[in-house]
Amino acid sequence: MLDIRLIRRDPDGVRAMLGRRGPPAAAGLDKVLELDGRWREVTAELEKVRAQQNRASRGRKGAPTEEERAHLAELAGRRRKLADEEAAVGAAREAQLASLPNLPAADAPDHEQVIREVGEAGARGRDHLELAGERIDMARAARLSGSRFAYLRGELVALELALVSYAVAKLADKGFEPVIPPVLVRERALYGTGFLPDTEQQIYGLPADDLYLTGTSEVGLAALHQEEILSAGDLPARYAGFSSCFRREAGAAGKDTRGIFRLHQFDKVEMFSFVEPDASLAEHEWLLAIQEEICHELSIPYRVVAIPVDDLGASAAKKYDVEAWLPGQGRYRELTSCSNTTDYQARRLDIRYRESAEGRPLHVHTLNGTAVTNSRTIIALLENGQHENGSVTLPPVLHRYGAPEVLAPAGADGK
RNA sequence: GGAGGGGUGGCAGAGUGGUCGAAUGCGCCGGUCUUGAAAACCGGAGUCCGGCGACCCCGGACCGCGGGUUCGAAUCCCGCCCCCUCCGCCA
(Lines give C-alpha, C1' and ligand atoms only; values in the text may rest on other atoms or scores of the structure.)
Protein backbone atom coordinates (compact mmCIF):
# COMPACT_ATOMS: atom_id res chain seq x y z
CA MET A 1 0.00 0.00 0.00
CA LEU A 2 1.31 3.38 -0.95
CA ASP A 3 1.09 6.34 1.41
CA ILE A 4 -1.95 8.40 0.41
CA ARG A 5 -0.32 11.47 1.92
CA LEU A 6 2.71 11.06 -0.29
CA ILE A 7 0.42 10.68 -3.28
CA ARG A 8 -1.39 13.90 -2.45
CA ARG A 9 1.79 15.80 -1.76
CA ASP A 10 3.73 14.69 -4.82
CA PRO A 11 1.41 13.12 -7.38
CA ASP A 12 3.75 13.77 -10.29
CA GLY A 13 6.72 12.22 -8.56
CA VAL A 14 4.73 9.13 -7.62
CA ARG A 15 3.27 8.88 -11.11
CA ALA A 16 6.75 8.96 -12.62
CA MET A 17 7.99 6.18 -10.33
CA LEU A 18 4.92 4.03 -10.91
CA GLY A 19 5.24 4.70 -14.61
CA ARG A 20 8.41 2.62 -14.62
CA ARG A 21 6.16 -0.36 -13.98
CA GLY A 22 4.04 0.50 -17.00
CA PRO A 23 1.14 2.77 -18.00
CA PRO A 24 -1.61 0.88 -16.11
CA ALA A 25 0.03 1.59 -12.77
CA ALA A 26 0.27 5.29 -13.54
CA ALA A 27 -3.36 5.33 -14.68
CA GLY A 28 -4.38 3.63 -11.46
CA LEU A 29 -2.77 6.46 -9.57
CA ASP A 30 -4.92 9.05 -11.29
CA LYS A 31 -8.01 7.08 -10.35
CA VAL A 32 -6.87 7.15 -6.74
CA LEU A 33 -6.37 10.90 -6.86
CA GLU A 34 -9.83 11.47 -8.25
CA LEU A 35 -11.54 9.19 -5.74
CA ASP A 36 -9.56 10.70 -2.91
CA GLY A 37 -10.67 14.19 -3.87
CA ARG A 38 -14.31 13.15 -3.85
CA TRP A 39 -13.88 11.25 -0.61
CA ARG A 40 -12.46 14.29 1.13
CA GLU A 41 -15.34 16.48 -0.03
CA VAL A 42 -17.95 14.02 1.15
CA THR A 43 -16.12 13.46 4.42
CA ALA A 44 -15.95 17.15 5.20
CA GLU A 45 -19.68 17.51 4.65
CA LEU A 46 -20.52 14.39 6.62
CA GLU A 47 -18.48 15.56 9.58
CA LYS A 48 -20.20 18.92 9.53
CA VAL A 49 -23.58 17.22 9.88
CA ARG A 50 -22.28 14.94 12.60
CA ALA A 51 -20.94 17.93 14.50
CA GLN A 52 -24.41 19.50 14.35
CA GLN A 53 -25.95 16.30 15.63
CA ASN A 54 -23.46 16.10 18.45
CA ARG A 55 -24.08 19.69 19.48
CA ALA A 56 -27.82 19.00 19.55
CA SER A 57 -27.73 15.80 21.59
CA ARG A 58 -24.76 16.37 23.85
CA GLY A 59 -25.84 16.96 27.43
CA ARG A 60 -29.44 16.20 26.71
CA LYS A 61 -31.35 14.37 29.41
CA GLY A 62 -34.91 13.64 28.31
CA ALA A 63 -36.67 13.02 25.03
CA PRO A 64 -36.82 15.90 22.52
CA THR A 65 -39.97 17.86 21.81
CA GLU A 66 -41.89 17.22 18.62
CA GLU A 67 -40.36 20.10 16.70
CA GLU A 68 -36.88 19.25 17.96
CA ARG A 69 -37.47 15.70 16.87
CA ALA A 70 -38.45 16.81 13.37
CA HIS A 71 -35.28 18.86 13.03
CA LEU A 72 -33.10 16.07 14.42
CA ALA A 73 -34.70 13.49 12.16
CA GLU A 74 -33.90 15.66 9.19
CA LEU A 75 -30.26 15.85 10.29
CA ALA A 76 -30.15 12.10 10.82
CA GLY A 77 -31.48 11.53 7.32
CA ARG A 78 -28.82 13.70 5.79
CA ARG A 79 -26.14 12.02 7.84
CA ARG A 80 -27.25 8.58 6.74
CA LYS A 81 -27.13 9.57 3.10
CA LEU A 82 -23.71 11.17 3.41
CA ALA A 83 -22.38 8.27 5.45
CA ASP A 84 -23.43 5.81 2.76
CA GLU A 85 -21.74 7.88 0.11
CA GLU A 86 -18.61 8.29 2.21
CA ALA A 87 -18.42 4.55 2.73
CA ALA A 88 -18.88 3.79 -0.96
CA VAL A 89 -16.35 6.33 -2.21
CA GLY A 90 -13.93 5.43 0.57
CA ALA A 91 -14.11 1.73 -0.29
CA ALA A 92 -13.54 2.48 -3.97
CA ARG A 93 -10.53 4.60 -3.08
CA GLU A 94 -9.11 1.88 -0.81
CA ALA A 95 -9.55 -0.79 -3.46
CA GLN A 96 -7.89 1.35 -6.09
CA LEU A 97 -5.07 2.28 -3.75
CA ALA A 98 -4.54 -1.35 -2.77
CA SER A 99 -4.21 -2.35 -6.39
CA LEU A 100 -1.19 -0.10 -6.89
CA PRO A 101 2.18 -1.84 -6.64
CA ASN A 102 5.06 -0.56 -4.55
CA LEU A 103 7.25 2.25 -5.86
CA PRO A 104 10.37 0.76 -7.38
CA ALA A 105 13.66 1.79 -5.79
CA ALA A 106 15.61 4.33 -7.80
CA ASP A 107 18.38 1.78 -8.34
CA ALA A 108 16.10 -1.06 -9.39
CA PRO A 109 17.25 -1.54 -12.99
CA ASP A 110 15.14 -1.41 -16.15
CA HIS A 111 16.82 -4.52 -17.44
CA GLU A 112 18.24 -7.56 -15.72
CA GLN A 113 21.64 -6.74 -14.36
CA VAL A 114 24.25 -9.33 -13.45
CA ILE A 115 26.06 -7.94 -10.44
CA ARG A 116 28.70 -10.60 -9.89
CA GLU A 117 29.59 -14.21 -10.59
CA VAL A 118 31.24 -16.29 -7.91
CA GLY A 119 32.70 -19.79 -8.09
CA GLU A 120 33.55 -22.15 -10.90
CA ALA A 121 30.60 -22.13 -13.25
CA GLY A 122 30.44 -23.82 -16.62
CA ALA A 123 30.60 -27.48 -15.64
CA ARG A 124 28.28 -29.88 -17.46
CA GLY A 125 27.03 -33.20 -16.21
CA ARG A 126 24.12 -35.38 -15.24
CA ASP A 127 21.01 -33.66 -14.00
CA HIS A 128 19.59 -34.17 -10.54
CA LEU A 129 17.11 -36.85 -11.57
CA GLU A 130 19.80 -38.98 -13.14
CA LEU A 131 21.91 -38.60 -10.04
CA ALA A 132 19.13 -39.24 -7.55
CA GLY A 133 17.35 -42.11 -9.27
CA GLU A 134 14.38 -43.26 -7.25
CA ARG A 135 15.51 -41.19 -4.30
CA ILE A 136 13.51 -38.55 -6.16
CA ASP A 137 10.41 -40.48 -7.15
CA MET A 138 8.45 -38.47 -9.67
CA ALA A 139 6.46 -41.28 -11.25
CA ARG A 140 4.85 -42.50 -8.07
CA ALA A 141 4.24 -38.93 -6.89
CA ALA A 142 2.43 -38.23 -10.16
CA ARG A 143 0.29 -41.30 -9.61
CA LEU A 144 -0.53 -40.01 -6.14
CA SER A 145 -0.98 -36.28 -6.74
CA GLY A 146 -0.40 -35.40 -10.37
CA SER A 147 2.42 -33.56 -12.07
CA ARG A 148 4.87 -31.34 -10.20
CA PHE A 149 4.95 -33.45 -7.06
CA ALA A 150 7.81 -35.56 -5.80
CA TYR A 151 8.55 -38.18 -3.22
CA LEU A 152 11.90 -37.48 -1.59
CA ARG A 153 13.25 -40.80 -0.36
CA GLY A 154 16.00 -42.37 1.66
CA GLU A 155 19.23 -40.39 1.91
CA LEU A 156 17.64 -37.32 0.37
CA VAL A 157 15.42 -37.00 3.41
CA ALA A 158 18.54 -36.89 5.58
CA LEU A 159 19.94 -34.29 3.20
CA GLU A 160 16.87 -32.08 3.44
CA LEU A 161 16.72 -32.30 7.21
CA ALA A 162 20.44 -31.49 7.39
CA LEU A 163 20.00 -28.49 5.10
CA VAL A 164 17.14 -27.18 7.19
CA SER A 165 19.01 -27.68 10.46
CA TYR A 166 22.12 -26.08 9.03
CA ALA A 167 20.22 -23.04 7.79
CA VAL A 168 18.15 -22.58 10.92
CA ALA A 169 21.25 -22.89 13.13
CA LYS A 170 23.19 -20.41 11.03
CA LEU A 171 20.36 -17.90 11.10
CA ALA A 172 19.76 -18.36 14.81
CA ASP A 173 23.43 -17.52 15.31
CA LYS A 174 22.87 -14.30 13.44
CA GLY A 175 19.93 -13.31 15.60
CA PHE A 176 16.99 -14.71 13.64
CA GLU A 177 14.35 -16.36 15.81
CA PRO A 178 13.35 -19.72 14.35
CA VAL A 179 9.65 -19.93 13.56
CA ILE A 180 7.34 -22.56 12.13
CA PRO A 181 4.31 -20.60 10.96
CA PRO A 182 0.86 -21.79 9.95
CA VAL A 183 0.66 -22.38 6.20
CA LEU A 184 -3.13 -22.28 6.08
CA VAL A 185 -4.12 -18.65 6.39
CA ARG A 186 -7.02 -16.27 5.97
CA GLU A 187 -7.31 -13.90 3.07
CA ARG A 188 -6.24 -10.97 5.23
CA ALA A 189 -2.60 -12.04 5.44
CA LEU A 190 -2.32 -12.65 1.69
CA TYR A 191 -3.81 -9.26 1.02
CA GLY A 192 -1.50 -7.72 3.59
CA THR A 193 1.63 -9.20 2.09
CA GLY A 194 0.58 -8.11 -1.39
CA PHE A 195 0.10 -11.62 -2.81
CA LEU A 196 -3.56 -10.75 -3.19
CA PRO A 197 -4.86 -9.44 -5.45
CA ASP A 198 -1.53 -9.55 -7.35
CA THR A 199 -0.92 -13.31 -7.70
CA GLU A 200 -4.33 -14.80 -7.10
CA GLN A 201 -3.96 -17.46 -9.78
CA GLN A 202 -0.86 -18.88 -8.03
CA ILE A 203 -2.56 -19.53 -4.71
CA TYR A 204 -4.35 -22.68 -3.57
CA GLY A 205 -7.63 -21.89 -1.82
CA LEU A 206 -9.83 -24.00 0.41
CA PRO A 207 -13.21 -22.40 -0.24
CA ALA A 208 -15.02 -24.72 2.15
CA ASP A 209 -13.06 -23.18 5.00
CA ASP A 210 -12.17 -19.75 3.63
CA LEU A 211 -8.47 -20.51 3.96
CA TYR A 212 -5.54 -20.40 1.61
CA LEU A 213 -2.31 -22.40 1.43
CA THR A 214 0.67 -20.09 1.51
CA GLY A 215 3.28 -20.10 -1.22
CA THR A 216 5.97 -19.06 1.26
CA SER A 217 6.35 -18.67 4.99
CA GLU A 218 6.87 -14.97 4.27
CA VAL A 219 3.09 -14.67 4.66
CA GLY A 220 2.99 -16.05 8.18
CA LEU A 221 6.16 -14.25 9.20
CA ALA A 222 5.04 -10.84 7.94
CA ALA A 223 1.68 -11.27 9.66
CA LEU A 224 3.36 -12.19 12.93
CA HIS A 225 3.24 -8.52 13.94
CA GLN A 226 0.05 -7.58 12.11
CA GLU A 227 -1.65 -4.52 13.60
CA GLU A 228 1.00 -4.15 16.26
CA ILE A 229 2.94 -1.11 17.38
CA LEU A 230 6.48 -2.20 18.20
CA SER A 231 8.91 -0.17 20.20
CA ALA A 232 12.15 0.96 18.62
CA GLY A 233 13.98 -1.47 20.92
CA ASP A 234 12.18 -4.39 19.24
CA LEU A 235 13.83 -3.57 15.93
CA PRO A 236 15.37 -5.06 14.00
CA ALA A 237 13.18 -8.14 14.52
CA ARG A 238 14.41 -11.08 12.48
CA TYR A 239 12.81 -14.45 11.94
CA ALA A 240 13.85 -17.66 10.24
CA GLY A 241 10.72 -19.44 9.09
CA PHE A 242 10.56 -23.07 8.06
CA SER A 243 7.51 -24.37 6.27
CA SER A 244 6.14 -26.16 3.29
CA CYS A 245 5.16 -23.91 0.40
CA PHE A 246 2.34 -24.42 -2.08
CA ARG A 247 2.09 -22.95 -5.54
CA ARG A 248 -0.35 -23.65 -8.33
CA GLU A 249 2.13 -22.70 -11.04
CA ALA A 250 -0.75 -21.69 -13.28
CA GLY A 251 0.58 -20.33 -16.53
CA ALA A 252 3.79 -22.33 -16.20
CA ALA A 253 2.44 -25.32 -18.13
CA GLY A 254 5.20 -27.11 -19.96
CA LYS A 255 7.89 -25.07 -18.20
CA ASP A 256 10.51 -26.78 -16.04
CA THR A 257 8.61 -30.03 -16.09
CA ARG A 258 11.58 -32.26 -15.42
CA GLY A 259 12.53 -33.07 -11.86
CA ILE A 260 11.94 -30.99 -8.77
CA PHE A 261 12.88 -27.57 -10.09
CA ARG A 262 9.29 -26.33 -10.09
CA LEU A 263 6.93 -28.12 -7.72
CA HIS A 264 3.47 -27.49 -6.35
CA GLN A 265 4.82 -28.28 -2.90
CA PHE A 266 8.28 -27.79 -1.44
CA ASP A 267 9.94 -26.84 1.81
CA LYS A 268 11.85 -23.68 2.49
CA VAL A 269 13.75 -21.84 5.18
CA GLU A 270 12.99 -18.16 4.83
CA MET A 271 14.57 -15.07 6.37
CA PHE A 272 12.29 -12.21 7.30
CA SER A 273 13.21 -8.84 8.85
CA PHE A 274 11.26 -5.96 10.35
CA VAL A 275 13.49 -2.88 10.47
CA GLU A 276 13.38 0.88 10.86
CA PRO A 277 12.98 2.65 7.50
CA ASP A 278 16.54 3.96 7.53
CA ALA A 279 17.90 0.46 7.94
CA SER A 280 16.21 -1.38 5.10
CA LEU A 281 18.81 -0.71 2.40
CA ALA A 282 21.59 -2.13 4.54
CA GLU A 283 19.39 -5.02 5.68
CA HIS A 284 18.70 -5.95 2.08
CA GLU A 285 22.41 -6.16 1.30
CA TRP A 286 22.97 -8.14 4.47
CA LEU A 287 20.30 -10.73 3.60
CA LEU A 288 21.93 -11.09 0.21
CA ALA A 289 25.31 -11.54 1.89
CA ILE A 290 23.88 -14.38 3.99
CA GLN A 291 22.54 -16.06 0.87
CA GLU A 292 25.96 -15.79 -0.72
CA GLU A 293 27.62 -17.13 2.41
CA ILE A 294 25.34 -20.16 2.23
CA CYS A 295 26.23 -20.73 -1.44
CA HIS A 296 29.88 -20.47 -0.54
CA GLU A 297 29.63 -22.99 2.30
CA LEU A 298 27.64 -25.35 0.09
CA SER A 299 30.14 -24.97 -2.78
CA ILE A 300 27.49 -23.82 -5.21
CA PRO A 301 28.73 -21.57 -8.06
CA TYR A 302 26.35 -18.67 -8.42
CA ARG A 303 25.73 -15.23 -9.74
CA VAL A 304 23.78 -12.33 -8.30
CA VAL A 305 21.19 -10.67 -10.50
CA ALA A 306 19.33 -7.41 -9.90
CA ILE A 307 15.75 -7.97 -11.01
CA PRO A 308 14.29 -5.49 -13.51
CA VAL A 309 11.37 -3.30 -12.48
CA ASP A 310 9.03 -5.26 -14.77
CA ASP A 311 9.59 -8.45 -12.80
CA LEU A 312 9.25 -7.09 -9.28
CA GLY A 313 6.13 -8.40 -7.62
CA ALA A 314 3.60 -5.91 -6.34
CA SER A 315 5.27 -5.53 -2.97
CA ALA A 316 8.99 -5.33 -3.79
CA ALA A 317 10.79 -2.04 -4.32
CA LYS A 318 13.95 -3.90 -5.20
CA LYS A 319 14.88 -7.52 -5.57
CA TYR A 320 17.95 -9.67 -6.06
CA ASP A 321 18.00 -13.23 -7.28
CA VAL A 322 20.86 -15.57 -6.57
CA GLU A 323 21.16 -17.94 -9.48
CA ALA A 324 23.00 -21.23 -9.10
CA TRP A 325 24.96 -22.84 -11.90
CA LEU A 326 23.25 -26.11 -12.73
CA PRO A 327 25.50 -28.53 -14.66
CA GLY A 328 22.47 -30.59 -15.66
CA GLN A 329 20.95 -27.62 -17.48
CA GLY A 330 24.20 -25.92 -18.39
CA ARG A 331 23.04 -22.53 -17.21
CA TYR A 332 22.32 -20.36 -14.22
CA ARG A 333 18.87 -20.80 -12.68
CA GLU A 334 17.13 -19.00 -9.83
CA LEU A 335 18.09 -20.50 -6.50
CA THR A 336 17.01 -17.89 -3.98
CA SER A 337 15.70 -14.37 -4.04
CA CYS A 338 15.54 -11.51 -1.64
CA SER A 339 13.34 -8.45 -1.62
CA ASN A 340 13.08 -5.13 0.10
CA THR A 341 9.37 -4.42 0.36
CA THR A 342 9.99 -1.11 2.20
CA ASP A 343 6.78 0.02 3.93
CA TYR A 344 4.42 -1.59 1.40
CA GLN A 345 3.53 -4.68 3.43
CA ALA A 346 3.79 -2.80 6.72
CA ARG A 347 1.09 -0.39 5.57
CA ARG A 348 -1.20 -3.15 4.37
CA LEU A 349 -0.69 -5.16 7.55
CA ASP A 350 -0.55 -2.03 9.71
CA ILE A 351 2.74 -2.79 11.41
CA ARG A 352 4.28 0.24 13.07
CA TYR A 353 6.88 1.14 15.63
CA ARG A 354 7.34 3.99 18.03
CA GLU A 355 10.58 5.83 17.54
CA SER A 356 10.36 7.72 20.82
CA ALA A 357 7.89 8.13 23.65
CA GLU A 358 6.26 11.23 22.21
CA GLY A 359 6.44 10.62 18.46
CA ARG A 360 3.64 9.14 16.39
CA PRO A 361 4.04 5.54 15.33
CA LEU A 362 5.72 5.01 11.95
CA HIS A 363 5.43 2.07 9.60
CA VAL A 364 8.35 -0.35 9.67
CA HIS A 365 10.11 -1.72 6.61
CA THR A 366 10.00 -5.43 5.87
CA LEU A 367 12.36 -7.65 3.89
CA ASN A 368 12.45 -11.30 2.97
CA GLY A 369 14.93 -13.72 1.49
CA THR A 370 15.29 -17.44 0.89
CA ALA A 371 17.88 -19.35 2.87
CA VAL A 372 17.50 -22.89 1.49
CA THR A 373 14.84 -24.97 -0.24
CA ASN A 374 14.43 -28.71 -0.50
CA SER A 375 13.99 -28.41 -4.19
CA ARG A 376 16.43 -26.06 -5.81
CA THR A 377 19.16 -26.14 -3.17
CA ILE A 378 19.13 -29.92 -3.38
CA ILE A 379 19.32 -29.77 -7.16
CA ALA A 380 22.32 -27.47 -6.94
CA LEU A 381 24.05 -29.69 -4.38
CA LEU A 382 23.54 -32.85 -6.43
CA GLU A 383 24.53 -31.44 -9.77
CA ASN A 384 27.54 -29.52 -8.52
CA GLY A 385 28.78 -32.28 -6.22
CA GLN A 386 28.67 -35.05 -8.80
CA HIS A 387 31.53 -37.26 -9.95
CA GLU A 388 32.25 -39.13 -13.14
CA ASN A 389 30.75 -42.35 -11.74
CA GLY A 390 27.48 -40.67 -10.71
CA SER A 391 28.23 -40.43 -7.02
CA VAL A 392 27.78 -37.10 -5.25
CA THR A 393 29.94 -35.54 -2.56
CA LEU A 394 28.00 -33.38 -0.13
CA PRO A 395 29.57 -30.35 1.58
CA PRO A 396 31.28 -31.03 4.93
CA VAL A 397 29.27 -28.30 6.61
CA LEU A 398 26.17 -30.51 6.33
CA HIS A 399 27.71 -33.65 7.78
CA ARG A 400 27.29 -32.69 11.41
CA TYR A 401 23.60 -32.18 10.68
CA GLY A 402 23.20 -35.73 9.47
CA ALA A 403 23.73 -35.48 5.73
CA PRO A 404 25.60 -38.40 4.17
CA GLU A 405 29.14 -37.56 3.08
CA VAL A 406 28.59 -39.20 -0.26
CA LEU A 407 25.51 -40.22 -2.18
CA ALA A 408 25.97 -43.46 -4.05
CA PRO A 409 25.35 -43.48 -7.81
CA ALA A 410 21.74 -44.00 -8.81
CA GLY A 411 20.92 -47.63 -9.35
CA ALA A 412 23.49 -48.83 -6.81
CA ASP A 413 21.94 -51.00 -4.09
CA GLY A 414 18.61 -50.94 -5.85
CA LYS A 415 18.21 -47.18 -5.73
C1' G B 1 -19.50 -31.77 16.11
C1' G B 2 -22.98 -30.61 20.70
C1' A B 3 -24.06 -27.26 25.20
C1' G B 4 -22.98 -22.96 27.90
C1' G B 5 -20.07 -18.31 29.35
C1' G B 6 -17.31 -14.04 27.86
C1' G B 7 -14.74 -9.97 24.79
C1' U B 8 -14.55 -2.12 27.60
C1' G B 9 -8.17 2.21 27.51
C1' G B 10 -0.85 -0.94 28.98
C1' C B 11 -3.22 -4.36 32.76
C1' A B 12 -7.39 -5.10 36.17
C1' G B 13 -12.33 -3.61 36.30
C1' A B 14 -17.36 -0.37 36.56
C1' G B 15 -20.89 1.33 33.21
C1' U B 16 -30.69 2.42 34.16
C1' G B 17 -30.35 4.16 25.54
C1' G B 18 -29.21 10.68 26.61
C1' U B 19 -21.94 15.62 28.10
C1' C B 20 -19.30 8.15 28.23
C1' G B 21 -13.51 8.70 25.04
C1' A B 22 -15.70 6.25 28.96
C1' A B 23 -15.65 5.71 36.76
C1' U B 24 -12.05 3.40 39.81
C1' G B 25 -7.39 0.77 41.01
C1' C B 26 -2.53 -0.59 39.34
C1' G B 27 1.25 0.44 36.05
C1' C B 28 3.48 4.56 32.99
C1' C B 29 5.34 9.88 32.05
C1' G B 30 6.16 15.03 34.08
C1' G B 31 6.19 18.14 38.45
C1' U B 32 6.10 19.56 43.94
C1' C B 33 8.40 17.86 48.38
C1' U B 34 13.36 15.29 49.69
C1' U B 35 20.66 15.34 50.31
C1' G B 36 18.84 11.22 46.96
C1' A B 37 14.96 7.68 46.72
C1' A B 38 10.29 5.98 48.60
C1' A B 39 5.65 7.76 50.35
C1' A B 40 2.26 11.75 49.68
C1' C B 41 0.23 15.42 46.60
C1' C B 42 -0.53 17.91 41.66
C1' G B 43 -0.73 17.24 36.50
C1' G B 44 -0.42 14.29 31.97
C1' A B 45 -1.03 10.42 28.98
C1' G B 46 -4.43 6.04 23.33
C1' U B 47 -5.24 5.22 17.96
C1' C B 48 -7.06 6.81 13.27
C1' C B 49 -9.26 10.39 9.59
C1' G B 50 -10.12 15.45 7.78
C1' G B 51 -9.10 20.71 8.20
C1' C B 52 -2.22 23.00 5.26
C1' G B 53 2.50 17.90 4.66
C1' A B 54 3.04 20.35 11.67
C1' C B 55 3.95 16.90 18.27
C1' C B 56 -0.39 23.50 19.00
C1' C B 57 -5.54 24.20 17.54
C1' C B 58 -10.66 22.76 15.44
C1' G B 59 -14.03 18.90 13.76
C1' G B 60 -15.02 13.66 13.25
C1' A B 61 -14.43 8.35 14.36
C1' C B 62 -12.92 4.25 17.54
C1' C B 63 -15.76 0.19 24.08
C1' G B 64 -13.63 -7.55 19.40
C1' C B 65 -15.24 -6.72 13.81
C1' G B 66 -19.32 -5.50 10.41
C1' G B 67 -24.39 -4.25 9.72
C1' G B 68 -29.29 -2.65 11.84
C1' U B 69 -33.07 -0.12 15.19
C1' U B 70 -33.30 5.11 17.28
C1' C B 71 -33.61 12.13 17.35
C1' G B 72 -29.57 9.64 20.21
C1' A B 73 -26.11 2.99 21.11
C1' A B 74 -20.41 0.76 25.12
C1' U B 75 -25.61 -0.16 26.48
C1' C B 76 -31.15 -3.05 22.17
C1' C B 77 -31.23 -6.53 17.46
C1' C B 78 -28.57 -9.53 13.51
C1' G B 79 -24.07 -11.71 11.27
C1' C B 80 -18.90 -12.77 11.89
C1' C B 81 -14.17 -13.33 14.65
C1' C B 82 -11.62 -14.61 19.05
C1' C B 83 -11.18 -16.58 24.11
C1' C B 84 -12.92 -19.81 28.24
C1' U B 85 -15.72 -24.26 30.46
C1' C B 86 -18.13 -29.09 29.78
C1' C B 87 -19.28 -33.40 26.44
C1' G B 88 -17.88 -36.07 21.97
C1' C B 89 -13.86 -37.04 18.48
C1' C B 90 -8.67 -36.98 17.47
C1' A B 91 -2.37 -36.82 16.42
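Residue numbers begin at 1 in each chain, while the letters A, B, ... track the order of the sequences.
The P atoms of rA39(B) and rG31(B) are separated by 16 Å, rounded to the nearest whole Å. rG43(B) and rC82(B) have their P atoms separated by 44 Å, given to the nearest Å. Only the C1' atoms considered, rU8(B) is 22 Å distant from rG4(B), to the nearest whole Å. When the C1' atom is used for both rG5(B) and rG9(B), the distance is 24 Å, rounded to whole Å. Nucleotides rG13(B) and rC26(B) have their C1' atoms positioned 11 Å apart, rounded to a whole Å. Of the P atoms belonging to rC20(B) and rA73(B), the separation is 15 Å, rounded to the nearest Å. With C1' as the reference atom, rG15(B) and rC63(B) are 11 Å apart, rounded to whole Å. Separation of the C1' atoms belonging to rA45(B) and rA22(B) is 15 Å when rounded to the nearest angstrom.
Rounded to whole Å, the distance from CD on Glu227(A) to C1' on rC82(B) is 13 Å. Rounded to a whole Å, the CD atom of Glu86(A) is 13 Å from the C1' atom of rC48(B). In this structure, CD of Gln52(A) is placed 13 Å from C1' of rG60(B), rounded to the nearest angstrom. Per the geometry, CG belonging to Asp84(A) stands 10 Å off P belonging to rG67(B), to the nearest Å. The distance between atom CG of Asp3(A) and atom C1' of rC49(B), rounded to the nearest whole Å, is 13 Å. Between the CD atom of Glu228(A) and the P atom of rC48(B) there is a distance of 15 Å, given to the nearest Å. Straight-line distance from the CZ atom of Arg80(A) to the P atom of rA73(B): 9 Å, rounded to whole Å. Between the CD atom of Gln53(A) and the P atom of rU70(B) there is a distance of 13 Å, given to the nearest Å.
Counting only residues at least two apart or on different chains, the ring-ring contact (aromatic ring centres under 6.0 Å, His included) pairs with a member in residues 146-194 of chain A are Phe149(A)-His264(A), Phe176(A)-Trp286(A). Within the structure, the salt bridge (charged side-chain N to carboxylate O under 4.0 Å, His left out) test picks out the following pairs touching residues 240-250 of chain A (sequence neighbours left out): Glu249(A)-Arg262(A). Listed by first and then second residue, the salt bridge (charged side-chain N to carboxylate O under 4.0 Å, His left out) pairs involving residues 163-176 of chain A are Lys170(A)-Glu293(A), Lys170(A)-Glu297(A), Lys174(A)-Glu293(A) (not counting sequence neighbours). Residue pairs satisfying the salt bridge (charged side-chain N to carboxylate O under 4.0 Å, His left out) criterion with at least one member in residues 198-221 of chain A, sequence neighbours excluded, are absent.
Here the options are Lys31(A), Arg93(A), Arg5(A), the test is salt bridge (charged side-chain N to carboxylate O under 4.0 Å, His left out), and the partner is Asp36(A); only Arg93(A) passes.
Remark: RNA chain B takes part in the stems B:1-7 with B:81-87, B:10-12 with B:24-26, B:28-32 with B:40-44, B:46-51 with B:57-62, B:64-68 with B:76-80, each of 3 or more antiparallel Watson-Crick or G-U pairs, criterion distances under 3.5 Å.
By the salt bridge (Lys or Arg N to Asp or Glu O under 4.0 Å) test, Asp107(A) pairs with Lys318(A), sequence neighbours left out. Under the rule for a side chain to side chain donor-acceptor pair (under 3.5 Å), the partners of Arg348(A) that lie at least two apart in sequence or sit in another chain are Tyr344(A). For Tyr212(A), there are no ring pair (Phe, Tyr, Trp, His ring centres under 6.0 Å) partners two or more places apart in sequence or in a different chain. For Glu323(A), the salt bridge (Lys or Arg N to Asp or Glu O under 4.0 Å) partners at least two apart in sequence or on another chain are Arg303(A).
When each of rC55(B), rG46(B), rC71(B) is scored by its nearest atom to the side-chain atoms of Arg354(A), the top-ranked nucleotide is rG46(B).
Remark: Arg186(A) in residues 180-197 of chain A come within less than 4.0 Å of RNA chain B through at least one heavy atom.
In terms of phosphate contacts, Asn54(A) brings no side-chain nitrogen or oxygen within less than 4.0 Å of OP1 or OP2 of rG59(B). In this model, the phosphate group of rU47(B) is not approached by any side-chain N or O of Arg352(A) to a distance below 4.0 Å at OP1 or OP2.
Nearer the 5' end of RNA chain B, as judged by each residue's closest nucleotide, is the contact made by Arg50(A), out of Ala73(A) and Arg50(A).
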Atom pairs, N/O to N/O, protein against nucleotides 50-53 of chain B, distance under 3.5 Å?
| unit_1 | atom_1 | unit_2 | atom_2 | d |
| --- | --- | --- | --- | --- |
| rG50(B) | OP1 | Arg8(A) | NH1 | 2.6 |
| rG50(B) | OP1 | Arg8(A) | NH2 | 2.6 |
| rG50(B) | OP2 | Arg5(A) | NH2 | 3.3 |
| rG51(B) | OP1 | Arg40(A) | NH1 | 2.5 |

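At a threshold of 4.5 Å between non-hydrogen side-chain atoms, the residues Phe274(A) and Glu228(A) do not count as touching.
Checked by atom type, the side-chain pair Asn340(A)/Ser280(A) shows a donor-acceptor distance below 3.5 Å.
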Item to check | Working for side-chain contact (heavy atoms from CB on, under 4.5 Å), residues Phe272(A) and Leu367(A) | outcome: CA-CA 6 Å; Phe272(A) 197 92; Leu367(A) 304 97; over 6 Å; no

I'd like a table of donor-acceptor pairs (distance under 3.5 Å, sequence neighbours excluded) in which one partner is a side-chain atom from residues 397-411 of chain A, with atom names and distances.
| unit_1 | atom_1 | unit_2 | atom_2 | d |
| --- | --- | --- | --- | --- |
| His399(A) | NE2 | Leu394(A) | O | 3.0 |
| His399(A) | NE2 | Pro395(A) | O | 3.4 |

